[in-house]
Amino acid sequence: MNALKKLFGGNTRQFGMIFALVALIVFFQIFTEGRTLTPGNVINLFNGNSYILILAIGMVLVIIAGHIDLSVGSVAAFVGVSVALAIRDWGIPWYMGVLFGLVLGAVIGAWQGFWTAYVGIPAFIVTLAGMLLFRGFNQFVGKSNTIPVPSDFQYLGSGYLPEIGPNTGFNNLTLLLGILAAAFVVIMSLRARATNKALGADVPELWVEVTKLVLICGAILYATYLFATGRPGTSFPIPGLILAVLVLIYGFIADKTVLGRHVYAVGGNRHAAELSGVQSKKVNFMVMLNMSVLAGLAGMIFVGRSTASGPFDGVGWELDAIAAVFIGGAAVTGGVGTVIGSIVGGLVMAVLNNGLQLLGVGADLTQIIKGLVLLAAVAFDVYNKIQGKRSITGLLMKNFQRNNDIKPDETTSTKEVISKEA
């Protein structure tokens, strides 16, 4: 037990959602007779859920800031059909279509951000109106028809890393990507350890660091093996590559930049943050704008995967994204959450849904189980707060914990935090 406490930072529950994800994978691997961890199933799982995970990245920032966005499914559908029509009717190349979709998402986000940040209408109401508005636009612009997209655009949602180099029996680019990912984890961990030692901070024992790296790198390399050994023509999917890049970018923004710190400060206590010099209106505007840009990207990836835009695209996506964020440990009241946590929460839901399908469980019972999982995750978070313990996020990623639970009488400490980060 002492070894586990050292390995997991003194509290084995800080990786609770990761443990839950691993337990689900092991459970379904056993009861599906090994069908869960097959290359084809893992590739399909990532392809089928990448757009929801992308939405979860944007949604976690919205929820940390103390808001919620109900329009992401409709925005994704509207952007998807608009891009499909632009490519078909205007004859623009696929990359210009992608750029057009991102710009359109930014315009929609600016519209919703204006009403939320500068007019003061709650984001729940603004995005509820947006859900109806852009769902109507989707059906009006597309005339409730299916709009196909060219094969070049389909690559965005259903493509794979190409085959290059000698015939090794694996996809060489996927192997290279996995090796680079493992090396990146090792280098960053060793750099952090060296920095902490130089600053005189406490560092874990060497065996603890080595064991963590072995476990993490082992998981990365095993996943790499699965992606690299799929059926001919498949490898690591392009949507997965886009998702990985977004996780790195937004993880850095949330953890290392002034804007990221301000998002947490506004969500923790807006008034205290404003007294510390944080421009809360600008922060709220930016998180709403960013959410719609990512919703547009998710919509385009889905259209590429399904080869066409349809009138019912995006239905229920906002609920899946919100569920992923809360299961990943975000607080309902704002101020708490991580990008990594939202991805883990989304993977928990994806594995659960995939495993139940492999077991032949009906859609009705699947929805019941997913609802109970969401309720249990939020209830556990609330219980921990009542007991004066950390929320799931604090247990999940200690290094990402912020000083966000700011009370009105803690203005001075808030100023110090913001000034140090600025």
Side-chain angles (χ1 to χ4, degrees), residues 53-72 105-106 109-110 112-118 120 122-124 126-127 246-295 321-322 324-326 328-343 345-346 381 391-394 396-408 410-411 413-422:
L53 297 177
I54 289 173
L55 289 177
I57 293 174
M59 189 66 73
V60 70
L61 296 178
V62 172
I63 290 174
I64 289 171
H67 306 296
I68 202 161
D69 193 333
L70 299 177
S71 68
V72 294
Q112 299 196 126
F114 168 77
W115 291 104
T116 300
Y118 295 104
F124 180 88
V126 172
T127 58
L246 290 176
V247 168
L248 291 176
I249 293 174
Y250 281 90
F252 176 81
I253 291 173
D255 189 50
K256 302 295 184 181
T257 67
V258 173
L259 176 61
R261 305 284 180 159
H262 286 184
V263 172
Y264 280 92
V266 169
N269 189 305
R270 180 174 62 85
H271 297 295
E274 288 175 347
L275 290 173
S276 302
V278 176
Q279 299 179 17
S280 62
K281 291 182 179 180
K282 180 180 177 181
V283 170
N284 291 329
F285 180 84
M286 289 302 298
V287 295
M288 299 303 294
L289 185 149
N290 175 75
M291 180 71 261
S292 291
V293 171
L294 291 181
I322 292 168
V325 173
F326 284 135
V332 179
T333 53
V336 177
T338 65
V339 172
I340 297 296
S342 66
I343 294 299
D381 184 72
S391 65
I392 296 175
T393 302
L396 178 66
M397 293 293 290
K398 182 178 179 181
N399 291 335
F400 286 89
Q401 189 68 29
R402 306 294 200 287
N403 296 321
N404 296 315
D405 296 324
I406 304 169
K407 305 299 188 298
E410 295 176 341
T411 304
S413 62
T414 306
K415 289 182 179 179
E416 294 174 355
V417 172
I418 300 300
S419 63
K420 287 179 181 179
E421 298 304 333

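Because only heavy atoms are used, hydrogens play no part in the values below, and waters and symmetry mates are left out as well, while side chains stay in. One is the number of the first residue; the rest follow in order along the sequence.
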query = Could you give the distance from OH (Tyr264) to CD1 (Ile64), rounded to the nearest 0.5 Å?
reply = 3.5 Å

note = So CD1 of Ile322 and CG of Leu55: to nearest 0.5 Å the spacing works out to 10.0 Å

inquiry  = If I take atom NZ from residue Lys281 and atom OG1 from residue Thr116, how far apart are they, to the nearest 0.5 angstrom?
reply    = 12.5 Å

query = Closest approach of Met291 and Met59, non-hydrogen atoms and distance?
reply = SD-N, 3.3 Å

query = For Gly58 and Asn290, which heavy atoms make the closest approach, and how far apart are they?
reply = CA-ND2, 4.1 Å

ask   = How close do Tyr118 and Phe285 get, heavy atom to heavy atom, and via which atoms?
value = CE1-CD1, 3.8 Å

key: Interatomic spacing from CG in Leu53 to CD1 in Ile343 - rounded to 0.5 Å   = 5.0 Å

inquiry  = As an exercise, state the distance from CG of Leu61 to OG1 of Thr338, rounded to the nearest 0.5 Å.
reply    = 10.5 Å

task = Taking all heavy atoms of Ala56 and all of Ser342, pick out the closest pair and write down the distance.
result = O-OG, 3.8 Å

request  = Please report the shortest heavy-atom distance between Trp115 and Val126, naming the atom on each side.
outcome  = CB-CG2, 3.8 Å

inquiry  = Quick one, Leu246 with Leu294, criterion side-chain contact (heavy atoms from CB on, under 4.5 Å). Give me CA distance, side-chain angles, the key distance, then yes/no.
reply    = CA-CA 10 Å; Leu246 290 176; Leu294 291 181; 4.3 Å; yes

Flag side-chain contact, heavy atom, 4.5 Å: Val258 against His262 = yes

note = Heavy atoms of Val336 and Gly329 approach each other most closely as CG1-O, 4.0 Å

query = Hey, are the side chains of Met288 and Thr127 touching, using non-hydrogen atoms and a 4.5 Å cut-off?
reply = yes

request  = Report yes if some heavy atom in the side chain of Val293 is under 4.5 Å from a heavy atom in the side chain of Leu289; otherwise report no.
outcome  = yes

remark   = CG (Asp255) and CD1 (Ile340) are apart, to the nearest 0.5 Å, by 10.0 Å

Any Tyr250 side-chain heavy atom under 4.5 Å of Val60 side chain = no

